[in-house]
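Structure first, then comments.
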Amino acid sequence: MQINKIFGLNASIVSKIGLATRHIVTDFYEKISALSKRSQAAEKHASTEEATKTAVILPFIQALGFDVFNLEEVVPEYVADVGTKKGEKVDFAIRIDGKVAILIEAKPIGSKLGEAQFNQLYRYFSVTDARLGVLINGREAWFFSDTDAPNKMDKKPFFKFDLQEHEKSQVEELAKFQKQEFEIETIIEAASNLKYTRAAANFLKAQLANPDDDFVRLIGRNIYDGSITKAVAEQLRPSIQSSLDEIIRDRIQDRLGVTFLSEPQRTSFEEDLGEGLDVDDGGIVTTEEEVQGHLIVRAIGAKVSGIDRINMRDSKSYCAILMDDNNRKPICRFYFNSPTTKYIGIFDEKKNETKHKVEDVNELYEYSDQITAAISNYL
């Protein structure tokens, strides 16, 4: 109340500001959801670059808050002379406060974003004032800047966004490129941080999957007395990999704040995890064992995927663990309802299910490789 008085705000105004902020965030999520559907439809029907622009890319620019009908703000076929080449054109240039801030190079939705398209955008970038380049094919959008050298586009994107498959945190990241939020210096600083963070994350993911010799020696020098010969490194490698798995598993359970209780308390789990855990009128009962199994699969999958993508959906016959909460992306199923016999069914790349008998939910860790492979099929 004292703060409100100092700034001359009353509770009603503060409440309205909060509601307005939530409305803006919700509105952006809705726009991205609509774009996702457009992208899926375009994959089936848009066979050319122009069709992709109309179906997805222009709505994408519009979703970011730019007026695609204002030629002073969104300039199609922007001319950017490159060296001796005159009349070179960028698909779209976006002006903010009268200056070119963003270059967008569009490609057909059926094409893969790669070296050739990158080189084209790279040439345009160096002859304009833009500090943000976007390469987009109607499915993916790659964001580039000049964090390594001024006015020279980096060779790797600092951010990638998949219009059809994305996490909540990625939508929040994309929201920073909206016109009303656009602050180029903030974006460049974030781009620099993201670049190194993601490079480190990719390195650590690779080590989690298969520690290389240098990594094994680095750890080995701190845990082994003596020279790290090739034979010693090979002896240490399985222990190091197991310890990494254990650290990830423990960290996930710590962050989720999970305490497995003797009696199921589904309401608290529902609040903690945000999952659809329930006892419904149809007789579906989600048990503590199924919840624990879901968390174990998340812990196993964390080294290759964001855990938010690994979801649980219960039914009368089995409890399904799905990628992206999509029943067309099954990872495994728990058959835990029988009081005497329990199974886990794990799906391969052809979505064939193989069942394994388990005595205890902790035995799921024995199938880490198969579970990881099932998750990797959807990445």
Side-chain angles (χ1 to χ4, degrees), residues 165-169 205 208 244-280 282-339 341-349 351-379:
E165 294 186 12
H166 46 260
E167 298 176 18
K168 181 179 178 182
S169 60
K205 280 183 181 179
L208 282 167
L244 292 172
D245 289 340
E246 185 177 340
I247 289 168
I248 294 295
R249 189 164 62 239
D250 291 346
R251 187 167 177 81
I252 288 171
Q253 291 188 356
D254 287 344
R255 291 190 68 179
L256 289 172
V258 175
T259 303
F260 296 115
L261 308 173
S262 57
E263 293 294 326
Q265 295 188 12
R266 296 172 196 85
T267 302
S268 64
F269 278 123
E270 216 167 23
E271 292 169 353
D272 288 344
L273 301 178
E275 298 290 335
L277 314 182
D278 53 25
V279 180
D280 70 8
I284 298 172
V285 178
T286 300
T287 66
E288 177 188 349
E289 207 167 30
E290 289 167 337
V291 173
Q292 188 176 359
H294 175 219
L295 294 173
I296 289 173
V297 174
R298 278 188 161 190
I300 292 168
K303 60 185 179 182
V304 294
S305 168
I307 62 171
D308 289 342
R309 297 186 64 187
I310 302 171
N311 308 120
M312 179 167 71
R313 192 183 299 180
D314 206 356
S315 67
K316 287 185 180 180
S317 304
Y318 55 79
C319 179
I321 306 300
L322 308 171
M323 198 69 171
D324 302 321
D325 201 22
N326 186 334
N327 59 19
R328 294 190 298 275
K329 297 181 180 180
I331 298 169
C332 61
R333 290 174 177 172
F334 303 145
Y335 299 89
F336 291 170
N337 292 335
S338 169
T341 308
K342 295 178 174 61
Y343 294 92
I344 177 176
I346 305 175
F347 291 84
D348 61 20
E349 69 278 3
K351 299 183 181 178
N352 296 318
E353 183 184 15
T354 302
K355 289 185 178 180
H356 306 274
K357 187 176 180 180
V358 293
E359 300 294 333
D360 181 83
V361 70
N362 288 312
E363 290 181 23
L364 298 184
Y365 286 117
E366 297 176 11
Y367 302 98
S368 294
D369 290 345
Q370 294 98 312
I371 291 170
T372 302
I375 293 167
S376 297
N377 289 331
Y378 307 117
L379 300 178

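Side-chain atoms are counted along with the backbone in the values below, which use heavy atoms only and exclude waters and symmetry mates.
No donor-acceptor pair under 3.5 Å is formed between the side chain of Asp308 and the backbone N or O of Glu167. A donor-acceptor pair is defined here as one N or O able to donate and one able to accept, closer than 3.5 Å; no such pair exists between the side chain of Asp324 and the backbone of Asn326. A donor-acceptor pair under 3.5 Å is formed between the side chain of Arg298 and the backbone N or O of Ile310. Formation of a donor-acceptor pair under 3.5 Å by the Arg313 side chain with backbone atoms of Asp325 is found in this model. Between the Ser305 side chain and the Ala302 main chain, no donor and acceptor come within less than 3.5 Å of each other. Side-chain atoms of Tyr378 come within 3.5 Å of backbone N or O of Pro330 as a donor-acceptor pair.
No side-chain heavy atom of Phe347 sits under 4.5 Å from any side-chain heavy atom of Asn352. Taking 4.5 Å as the limit, some side-chain heavy atom of Met312 sits within range of a side-chain heavy atom of Thr286. Ser315 places a side-chain heavy atom less than 4.5 Å from the side chain of Tyr318. Residues Lys357 and Thr341 are in side-chain contact: their nearest non-hydrogen atoms beyond the backbone lie under 4.5 Å apart.
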**Asked** So Gln370 and Thr354, side chain to side chain contact (heavy atoms under 4.5 Å, CB included) or not? Walk me through it.
**Response** CA-CA 10 Å; Gln370 294 98 312; Thr354 302; over 6 Å; no
**Asked** Run the side chain to side chain contact (heavy atoms under 4.5 Å, CB included) check on Val361 and Phe336 step by step: do they pass?
**Response** CA-CA 9 Å; Val361 70; Phe336 291 170; 4.2 Å; yes
**Message:** For a side chain to side chain contact (heavy atoms under 4.5 Å, CB included) check, start with the C-alpha distance between Val358 and Tyr343, then their side-chain angles and the critical distance, and finish with the verdict.
**Reply:** CA-CA 6 Å; Val358 293; Tyr343 294 92; 5.9 Å; no
**side chain to side chain contact (heavy atoms under 4.5 Å, CB included) between Ile344 and Leu364, intermediate numbers included** = CA-CA 8 Å; Ile344 177 176; Leu364 298 184; 3.5 Å; yes
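In this structure, Tyr367 has its ring center closer than 6.0 angstrom to the ring center of His356.
Summarising the geometry of Asp314 relative to Val285, their closest heavy-atom pair is OD2-O, 3.2 Å, with the distance given to 0.1 Å. Here the closest heavy-atom approach between residue Ser317 and residue Tyr335 is recorded as O-CD2, 3.9 Å. Taking each heavy atom of Lys303 and Thr372 in turn, the nearest pair found is CE-OG1, 3.9 Å.
Here NE2 of His294 is found 8.0 Å from SG of Cys319. Values are rounded to the nearest 0.5 Å. In this structure, the separation between CG on Asp360 and CD on Gln292 is 7.0 Å, given to the nearest 0.5 Å. Here the CD1-CD1 distance, from Ile371 to Ile300, works out to 4.0 Å after rounding to the nearest 0.5 Å.
We find that Glu359 and Lys342 are not joined by a salt bridge, their nearest charged nitrogen and carboxylate oxygen being 4.0 Å or further apart. Taking a cutoff of 4.0 Å between a charged side-chain nitrogen and a carboxylate oxygen, Arg309 and Glu165 qualify as a salt bridge.
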